[in-house]
Colleague: 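Right, I'll just put the structure down here and ask away after.
Here the structure is a predicted model, which is why all the values come from computation and not from measurement.
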Amino acid sequence: MPELPEVESIRLSLAARILGKTIEDVEVRWPPAAVSLADEDFSALARNRTIESLDRRGKYLLMNLSHGLTMIIHFRMTGRLIYYPEQHEPNKHTHVVFRLDQGELHYSDIRKFGRIQLVSFQMAFKAACLAKLGPEPLDESFTFDQLGMRLARKKSTIKAALLDQTVVAGIGNIYADEALFRAGILPDRNTASLKVSEIILLYDAICEVLQEGITAGGTSFRDYRDADGKKGAFQENLMVYGRSGQECKYCGGQLAKIKVAGRTTVYCPNCQK
DNA sequence: CACTAAACCTGGGAGC
DNA sequence: TGCTCCCAGGTTTAGT
């Protein structure tokens, strides 16, 4: 389930393969996955455009094409974007095939939740999905004060606040649980109950866990792969996510599982207060 | 405003 | 082996 570190890892691996290449043809095999401007044909619109740059905003990958067009890609849970240097046979989960002047880019998605939107560059940041996003947690402009001010407006649990993309962009279930463990904060604490010292710990934990996730090439708990089809390594560093009932790597106690904000949440009852 | 639930989907695992 | 059931979770939308 690609969160910020996974999308960033896709962006980095993809950049090395496709920047400067031209989209010569597009085969949309499952139309709901490829959304374009009103009444415009996705394939026709994308054809004969050069891939000029790759950006990321939260969990969204932005592919900027020549002539002012941008593809906004969200992978949701099982989306993948993989580059093949040679012609490659699509499978039943391959929804869009981009044939480049050299190689092919395949978008596949088992669960069919992900979407590729094709919009004008000017419209991209006004698009409903991007406009509401909170700050980028790894930008220099993201400070602990900013986090504190945004959390102060929330009346939910701290876990729900971290998953809220309008508070901070890019955190999902994995990194929310990991950041809260590192900060020693129980996931179902009310946001208003956090002391300033705890928000400082949380701020540091968020920045560290996301940066380490990127360095490890993301977390391949199940489906995630980068643009070369390679797994990440951060699953080996997970302290709580997916480890319910197992020993806490820090104190040796048993990790607990609860539902918070409708999501499975794993934490250490001893290390997190 | 904030919460919950449903909807969107399929594969994998558990239990029988 | 094969069936059923439940679970995984990002986001939007509808309802309370």
Colleague: Starting the side chain at C-beta, find the nucleotide from C/dT11, B/dC8, B/dG12 nearest to A/F113.
Modeller: B/dC8
Colleague: Under 6.0 Å between the ring centres of A/Y241 and A/Y175?
Modeller: no
Colleague: Indicate, with a heavy-atom threshold strictly under 4.0 Å, whether A/T78 touches base, sugar-phosphate, or nothing.
Modeller: nothing
Colleague: Rounded to the nearest angstrom, tell me the gap between atom CG in A/L238 and atom P in C/dA8.
Modeller: 16 Å
Colleague: Got more than 12 heavy atoms from elsewhere within 6.0 Å of NZ, A/K230?
Modeller: no
Colleague: Going by number, which of residues 89-97 of chain A have a non-hydrogen atom under 4.0 Å from DNA chain B?
Modeller: A/K92, A/H93
Colleague: Heavy atoms only, 4.0 Å cut-off, all strands: where does A/R153 land among base, sugar-phosphate and nothing?
Modeller: sugar-phosphate
Colleague: Under 4.0 Å between a side-chain N/O of A/R263 and OP1 or OP2 of C/dG10, yes or no?
Modeller: yes
Colleague: Under 3.5 Å for both distances, Watson-Crick or G-U wobble, that's the pair rule; now give the dot-bracket for DNA chain C, with | marking pairs to another strand and [ ] for crossing ones.
Modeller: .|||||||.|||||||
Colleague: Do A/L105 and A/I82 come within less than 4.5 Å of each other through their side chains, counting heavy atoms only?
Modeller: no
Colleague: Which one, C/dT11, C/dA8, B/dC3, comes nearest to the side chain of A/T264?
Modeller: C/dA8
Colleague: Where the side chain of A/K155 is concerned, which of B/dA2, C/dT12, B/dT10 is the nearest nucleotide?
Modeller: B/dA2
Colleague: Specify the residue among A/A160 and A/R222 whose closest nucleotide of DNA chain B lies further upstream toward the 5′ end.
Modeller: A/A160
Colleague: Has A/Q165 got a side-chain N or O lying under 4.0 Å from the OP1 or OP2 atom of C/dG10?
Modeller: no
Colleague: Name the closest nucleotide to the A/I110 side chain, picking from B/dC3, B/dG11, C/dT12.
Modeller: B/dG11
Colleague: Just verifying a value: how many Å separate A/L81 CG and A/I116 CD1, rounded to the nearest 0.5 Å?
Modeller: 6.5 Å
Colleague: Nearest whole angstrom, please: distance from the C1' of C/dT11 to the NZ of A/K132.
Modeller: 9 Å
Colleague: Are any of the side-chain heavy atoms of A/I51 and A/T22 separated by less than 4.5 Å?
Modeller: no
Colleague: Could you check which of B/dC3, C/dG10, B/dT10 has an atom nearest any side-chain atom of A/K112?
Modeller: B/dT10
Colleague: How is A/M77 classified with respect to the nucleic acid when contacts are heavy atoms under 4.0 Å: base, sugar-phosphate, or nothing?
Modeller: base
Colleague: If I take atom CD1 in residue A/I73 and atom P in nucleotide C/dT11, what distance separates them, rounded to the nearest angstrom?
Modeller: 15 Å
Colleague: Between A/D223 (CG) and B/dG13 (P), how many Å, whole number?
Modeller: 11 Å
Colleague: If you define the side chain from C-beta out and look only at heavy atoms, does anything of A/R99 sit under 4.5 Å from A/V26?
Modeller: no
Colleague: Roughly how many Å apart are C/dC3 and B/dC9, using the P atom of each and rounding to a whole number?
Modeller: 25 Å
Colleague: Measure CD/A/E3 against C1'/C/dA8 and give the value in whole Å, please.
Modeller: 13 Å
Colleague: First locate atom CG of A/L151, then atom OG1 of A/T191, and finally report the distance between them rounded to the nearest 0.5 Å.
Modeller: 6.0 Å
Colleague: What do the steps show when you test A/Y224 against A/M1 for side-chain contact (heavy atoms from CB on, under 4.5 Å), and what is the final call?
Modeller: CA-CA 6 Å; A/Y224 167 71; A/M1 40 230 85; over 6 Å; no
Colleague: Starting at NE2 of A/H74 and ending at P of B/dC9, how long is that distance when rounded to a whole Å?
Modeller: 17 Å
Colleague: For atom P, what is the distance between B/dA7 and C/dC6, given to the nearest Å?
Modeller: 15 Å
Colleague: Roughly how many Å is it from NZ in A/K259 to C1' in C/dC6, rounded to a whole number?
Modeller: 10 Å
Colleague: In whole Å, what is the span from the NZ atom of A/K159 to the P atom of B/dT4?
Modeller: 13 Å
Colleague: How far apart are the closest heavy atoms of A/M77 and A/P2, and which atoms are they?
Modeller: O-CD, 3.5 Å
Colleague: Would you mind reporting whether A/I200 and A/D204 have side-chain heavy atoms less than 4.5 Å apart?
Modeller: yes
Colleague: Give the ring-plane orientation class for A/F42 versus A/F98, where under 30° counts as parallel, over 60° as perpendicular and anything between as tilted.
Modeller: tilted
